[in-house]
Amino acid sequence: MRSRIVRDAVVYRDHVQAIKSGFASTIFTCNQLIHIYSNHGLFQDAHKLFDEISHPNVFSWNALIRAYIKAHNLRQARAVFDSASNKDLVSYNSMLSAYVGADGYETEALDLFARMQSERDTIGIDEFTLTTMLNFTAKLRVVCYGKQMHSYMVKTASDLSKFASSSLINMYSKCGLFREACNVLSGCDGVVDLVSKNAMVAACCREGEMDMALNVFWKNSELNDTVSWNTLIAGYAQNGYMDKALALFVEMTERGIRHDEHTLASVLSACSNLKCLKLGKCIHAWVLKNDFSSNQFISSGIVDLYCKCGNIRYAESVYEGIGIKSQFEVASLIVGYSSQGDMTKAQRLFDTLSERNYVVWTALCSGYAKLQQCEEVFKLFREFIITEALIPDAMIIISVLGACATQAILCLGKQIHTYILKMRLNMDKKLLSAMVDMYSKCGNIMYAEKSYQLMTDKDRDAILYNVMIAGYAHHGFENKAIQLFQDMLKKRVKPDAVTFVALLSACRHRGLVEQGEKFFISMKEDYNVLPEVYHYACMVDMYGRANQVEKALEFMRKIPIQIDATIWGAFVNACQINKNTSLVNKAEEELLKIGADNGSRFVQLANIYAAEGKWDEMGRIRKKMRVKEAKKLVGCSWIYVDNGTHAFTSGDTSHAKADAIYSTLMCLNGKELKQLHEIGGDVFVDIF
DNA sequence: TGGAGCAATG
């Protein structure tokens, strides 16, 4: 590809020589050649040719400005713009569009737009300016400015072009006003061009309205191009329908529609998520054959594919082969290391970077958060605030809120909430869901509820409903959980597997067996959500807690999937609650058969026998536990004081202030503790 | 002779 460009450019250079040596060169041909040079990446030649024009006209100046914009040299483009003796609205629009398209030039874009407006008599604005500014508001997600643009366009009748409709659909969709985007489309009376149609498909995908996306896609399908197919494939992949994304890719190929790097990036993402190494490798081979490796979306997608398929060595070798590495490729490998639990390698890779963007910070932060290494998350977040001149984005904050939830550190969670408000960070659905989850897991259901209510009815998605339903369930408000589920259905939000785990969990804690059974049947029959391990385990646990251990066993006999240690664990628990040693033998056999090495299960079994006074049986289990070297994770409690977590296990004396803690506890009899609880006192206040 | 719109990565 590159050699062809250079070869063409040499032809054009010879052409210029010919013009210079005999043919009359007009300013028109020189201007055209500046464009040709810059289109072929020969920016210095373009400038040299410009310098040779004795009296450059406005077209010459604009061609040179475009050349520097194409070279991504906005400073030089602006210098030419400022020094140009001839400027018109095209010069301004070119410069404005360049600022809007680049990152970090928001102020310059706004200043230039303000200048164009204030000098209305000499410069002014036209429909090119308006579509560019719609793009700007879409990028910044500032819907109030977008609406002002729209109003002005209606007033000046410049909202009717195909450029206007696609830009408006795009702006409303990216600003989260899906209905308004639909209104723009219906305002076109069904006559839309391909770009507007594609923008609408993208808007539906962004909203998760895949049926609607499919309808728009297939209407006037003769118009569809590679972008249309790419949009829909990416939409399916982003909404979790990986198999549909792959099926569409197959159909696209069968129909002979050309695919490009966008297509491959989405297909790679679908392969990674499905852990479909076979197809992923085919795509990798295709990429190598067609020389697409230099595309950072694709190379990071390939690294991600091998990481998600568990082949870290291969991912590393692909990564090493990338010449100039972008931060997305680094992030893919950091996420890969994190998913393997190898935070040492993840941190080492992060430390080698001289510049870090949001992506790599988030990758490392979420890696620590997923492994529940919460102190590291907090440390990293502090480092981010101190070392980066950036406002943290939602993804980083979500990881920090997740760490607060894991550790149940309410005070820190509140600090993060305050920080979000202080920095005026956009509270989107994902961030708000993380906040609701944090408050709920930190024990403050009232704040969780208040946060949940910040999002209007129509903007609540399944994730937000799920965290609130789970919150109610864990705090013992089963009726509220069920009510919210009804509300979710009324608002036409489709429940998923997580919703039903929360609902079944609510039922098992309150002994609502009938209601739980109804949910269990309904999830598959009415909502097409197939039960997974956790749903089965919840049901077994529910029967156990309701003293219906025989029913639990009957239920287990009908489970169509492989019964794993989680479900057997729930059954052992049921036996323990019901003091049923006759059925526990069966569970013991199965647990040993599937090679469960979780010590908790053995301790549970031993305890059941001990409770029945069957000491021989108990001794036998303990012995098995020793032979298998099964270790039970020790349960612990912790308290967060002065930026530090203090964890305690039963009989633990390892804490530096253990003596003081124990002597204080000794002094506190039941009555004193009760008084402390009544006045809301903290036992540890004077110790730390 | 020139300037504007749709799709991809944590």
Side-chain angles (χ1 to χ4, degrees), chain A residues 26-35 57-67 69 88-98 100-101 125-136 138 158 161-171 173-174 192-203 205-206 225-235 237-238 260-270 272 295-304 326-336 338 357-367 393-396 398-399:
Chain A
T26 62
I27 193 162
F28 171 78
T29 48
C30 285
N31 291 345
Q32 290 294 300
L33 281 164
I34 294 174
H35 279 294
N57 63 14
V58 69
F59 293 100
S60 322
W61 283 106
N62 287 345
L64 189 63
I65 292 167
R66 283 300 308 164
I69 290 170
D88 63 3
L89 187 50
V90 175
S91 331
Y92 278 83
N93 281 337
S94 299
M95 207 61 238
L96 183 69
S97 153
V100 168
I125 59 172
D126 65 1
E127 63 269 32
F128 284 78
T129 326
L130 289 166
T131 42
T132 304
M133 286 309 287
L134 278 179
N135 211 2
F136 185 62
S158 52
S161 76
K162 56 186 184 178
F163 288 96
S165 58
S166 61
S167 303
L168 284 166
I169 291 169
N170 182 47
M171 181 275 292
S173 159
K174 286 189 179 157
V192 282
D193 75 320
L194 178 60
V195 179
S196 301
K197 186 185 146 161
N198 289 345
M200 197 61 223
V201 174
C205 293
R206 233 169 256 132
D225 65 354
T226 298
V227 175
S228 325
W229 286 83
N230 287 350
T231 309
L232 200 59
I233 291 173
Q238 282 157 13
D260 60 11
E261 55 268 54
H262 284 260
T263 330
L264 298 178
S266 297
V267 173
L268 278 169
S269 162
S272 305
N295 181 300
Q296 61 176 15
F297 292 96
I298 291 184
S299 49
S300 68
I302 293 171
V303 172
D304 189 48
S326 81
Q327 302 219 356
F328 278 101
E329 286 129 3
V330 184
S332 291
L333 197 55
I334 289 177
V335 170
S338 309
N357 65 4
Y358 286 123
V359 185
V360 287
W361 278 101
T362 308
L364 196 66
C365 229
S366 61
D393 75 345
M395 296 289 279
I396 299 175
I398 287 169
S399 294

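Quantities reported herein were computed from a predicted structural model and do not represent experimental measurements.
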Do the side-chain N or O atoms of [X] get closer than 4.0 angstrom to the phosphate oxygens (OP1, OP2) of [N]?
X      : N     : answer
A:Q238 : B:dT9 : yes
A:N135 : B:dG5 : yes
A:N170 : B:dC6 : yes
A:K174 : B:dA7 : yes

Does a donor on one side chain and an acceptor on the other come within less than 3.5 Å for A:N170 and A:S173?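 Per modelled atom types, A:N170 and A:S173 side chains form no pair under 3.5 Å.
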Of the nucleotides [options], which has the atom closest to the [X] side chain?
X      : options              : answer
A:R206 : B:dA7, B:dG5, B:dG10 : B:dA7
A:V195 : B:dG10, B:dG5, B:dT9 : B:dG5
A:V227 : B:dA8, B:dG5, B:dA7  : B:dA7

Tell me if the side-chain of [X] makes a donor-acceptor pair with the base of [N], cut-off 3.5 Å, by modelled atom types.
X      : N      : result
A:D193 : B:dG5  : yes
A:S166 : B:dG5  : yes
A:T231 : B:dA7  : no
A:S167 : B:dG5  : no
A:D393 : B:dG10 : yes

Without decimals, in angstroms, what is the distance between A:H35 NE2 and B:dT1 C1'?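 A:H35 atom NE2 is separated from B:dT1 atom C1' by 7 Å.
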Whole angstrom is fine here: how far is it from CH2 in A:W61 over to P in B:dG3?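 Taking atom P of B:dG3 as the reference, CH2 of A:W61 is at 19 Å.
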Once you apply a heavy-atom cut-off of 4.0 Å, does A:D304 come out as touching a base, just sugar-phosphate, or nothing?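 The answer is nothing, as A:D304 stays clear of every strand by at least 4.0 Å.
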To the nearest 0.5 Å, what is the distance between CG (A:N135) and OG (A:S166)?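 One gets 9.5 Å once the value is rounded to the nearest 0.5 Å.
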